[in-house]
A.B. asks: 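I'd like to ask you about the structure that follows.
The structure presented is a predicted model; accordingly, all values stated were derived computationally and were not measured.
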Amino acid sequence: QVQLVESGGGLVQAGGSLRLSCTASGRTLNAYAMGWFRQAPGKEREFVAAINWSSSTQYADSVKGRFTISRDNAKNSVYLRMNSLDLDDTAVYYCAVKWRHRVSAPDFTTDYDYWGQGTQVTVSS
């Protein structure tokens with residue numbers, strides 16, 4: 001069983017920055033990837049960023065150049081540094097773990113298995 005706990009959300013003015021953290025408990029040594037998703041009110045949950053076991057990263061087009069995902073295996077944690085935030089970034093942000101992945105598939109933005117409870121990010125004008 002994998003448990004994920006997010007932190008670092010809050011209220012920030014447009015143009016500001018936040019750093020989200022996610023700490024995993026349980027066995028994640030063999031997990032393929034960890035990622036961040038978000039869901040705004042009335043919207044579908046969407047992919048934001050992910051990092052896999054070999055430190056390859058993928059980002060949604062909407063956050064490329066602004067957000068950076070990183071990990072610390074010793075702390076069993078993944079982070080999302082968010083810069084240049086704007087109003088469209090307001091959402092609940094979820095940490096997720098992708099346990100396994102087909103070796104033939106280059107994309108790891110979908111099919112995640114475990115999810116945290118979410119942390120609210122609100123960007124104000």
Side-chain angles (χ1 to χ4, degrees):
Q1 182 70 278
V2 175
Q3 303 274 0
L4 302 171
V5 179
E6 305 99 328
S7 63
L11 177 65
V12 63
Q13 290 187 344
S17 299
L18 283 175
R19 184 177 185 248
L20 305 183
S21 298
C22 173
T23 298
S25 61
R27 196 173 190 274
T28 60
L29 181 64
N30 295 322
Y32 180 79
M34 297 183 69
W36 290 94
F37 295 73
R38 67 187 182 186
Q39 187 169 23
K43 304 291 185 180
E44 297 287 333
R45 184 174 296 183
E46 65 176 352
F47 169 78
V48 176
I51 184 166
N52 76 356
W53 67 273
S54 64
S55 296
S56 295
T57 59
Q58 293 185 341
Y59 294 93
D61 289 341
S62 60
V63 306
K64 285 181 180 177
R66 299 189 298 122
F67 291 9
T68 303
I69 189 169
S70 61
R71 70 181 187 187
D72 186 336
N73 290 337
K75 297 180 179 179
N76 216 18
S77 297
V78 64
Y79 308 95
L80 185 69
R81 179 67 181 181
M82 305 184 294
N83 294 327
S84 301
L85 287 162
D86 62 39
L87 298 180
D88 292 333
D89 295 316
T90 294
V92 177
Y93 284 71
Y94 297 90
C95 178
V97 169
K98 186 178 179 68
W99 186 251
R100 293 177 178 173
H101 184 71
R102 294 180 64 88
V103 296
S104 61
D107 178 83
F108 50 94
T109 64
T110 61
D111 299 321
Y112 279 71
D113 303 292
Y114 301 97
W115 299 84
Q117 83 288 347
T119 185
Q120 177 71 49
V121 172
T122 302
V123 183
S124 67
S125 60

A.B. asks: Measure across A24 and L4 and return the closest heavy-atom pair with its distance rounded to 0.1 Å.
C.D. replies: CB-CD2, 3.5 Å
A.B. asks: Using side chain to side chain contact (heavy atoms under 4.5 Å, CB included) as the criterion, list what pairs up with N73, not counting sequence neighbours.
C.D. replies: R71
A.B. asks: Could you tell me which residues satisfy ring-ring contact (aromatic ring centres under 6.0 Å, His included) with Y94, sequence neighbours excluded, listed by chain and number?
C.D. replies: none
A.B. asks: When you compare the side chain of V92 with that of T119, does any pair of heavy atoms fall below 4.5 Å?
C.D. replies: no
A.B. asks: Who are the salt bridge (Lys or Arg N to Asp or Glu O under 4.0 Å) partners of R66, not counting sequence neighbours?
C.D. replies: D89
A.B. asks: Nearest heavy-atom pair of G9 and L20: which atoms, and what distance?
C.D. replies: N-CD2, 3.6 Å
A.B. asks: With a 4.5 Å cut-off on side-chain heavy atoms, are L18 and L85 touching?
C.D. replies: yes
A.B. asks: Measure the shortest side-chain to side-chain distance between S124 and L11 over non-hydrogen atoms and say whether it is less than 4.5 angstrom.
C.D. replies: yes
A.B. asks: Mind checking the OG-OH spacing from S56 to Y32? Nearest 0.5 Å is all I need.
C.D. replies: 6.5 Å
A.B. asks: May I ask you to test the M34-C95 pair for a side-chain heavy-atom distance under 4.5 Å?
C.D. replies: yes
A.B. asks: Scan residues 42-51 for pairs that pass salt bridge (charged side-chain N to carboxylate O under 4.0 Å, His left out), counting only residues two or more places apart or in two chains.
C.D. replies: R38-E46
A.B. asks: May I ask you to test the K98-Y112 pair for a side-chain heavy-atom distance under 4.5 Å?
C.D. replies: yes
A.B. asks: I need the S17 OG to M82 CE distance, nearest 0.5 Å.
C.D. replies: 8.5 Å
A.B. asks: For Y79, check ring-ring contact (aromatic ring centres under 6.0 Å, His included) against everything at least two apart and list the hits.
C.D. replies: none
A.B. asks: The criterion is side chain to side chain contact (heavy atoms under 4.5 Å, CB included); which residues satisfy it with A105, sequence neighbours excluded?
C.D. replies: H101, R102
A.B. asks: Using the test ring-ring contact (aromatic ring centres under 6.0 Å, His included), find all partners of Y59 that sit at least two apart in sequence or belong to another chain.
C.D. replies: none
A.B. asks: Got a sec, which pairs hit salt bridge (charged side-chain N to carboxylate O under 4.0 Å, His left out) with one end in residues 105-118, sequence neighbours left out?
C.D. replies: none
A.B. asks: Quick one: closest heavy-atom pair of A40 and A91, and the distance?
C.D. replies: N-CB, 3.8 Å
A.B. asks: Suppose we screen for side chain to side chain contact (heavy atoms under 4.5 Å, CB included). Which residues come up paired with A60, at least two apart in sequence or across chains?
C.D. replies: F47, S62, V63
A.B. asks: Determine which pairs satisfy side chain to side chain donor-acceptor pair (under 3.5 Å) with at least one residue from residues 3-16, sequence neighbours left out, and list them in order.
C.D. replies: E6-Q117
A.B. asks: Using only heavy-atom distances, determine whether the side chains of T90 and T122 contain a donor-acceptor pair under 3.5 Å.
C.D. replies: no
A.B. asks: Please test V48 against F67 for side-chain contact (heavy atoms from CB on, under 4.5 Å), starting from the C-alpha separation and ending with a verdict.
C.D. replies: CA-CA 9 Å; V48 176; F67 291 9; 3.7 Å; yes
A.B. asks: In chain order, what residues pass the side chain to side chain contact (heavy atoms under 4.5 Å, CB included) check against S125, with sequence neighbours excluded?
C.D. replies: L87
A.B. asks: Are the aromatic ring centres of W115 and F37 under 6.0 angstrom apart?
C.D. replies: yes
A.B. asks: Can you tell me which residue pairs pass the salt bridge (charged side-chain N to carboxylate O under 4.0 Å, His left out) test with a partner in residues 51-64, sequence neighbours excluded?
C.D. replies: D61-K64
A.B. asks: Could you check if a side-chain atom of L80 sits within less than 4.5 angstrom of a side-chain atom of Y93, using non-hydrogen atoms only?
C.D. replies: yes
A.B. asks: Under a plain distance cut-off of 3.5 Å, with no hydrogens placed, do S77 and D72 share a side-chain donor-acceptor pair?
C.D. replies: no
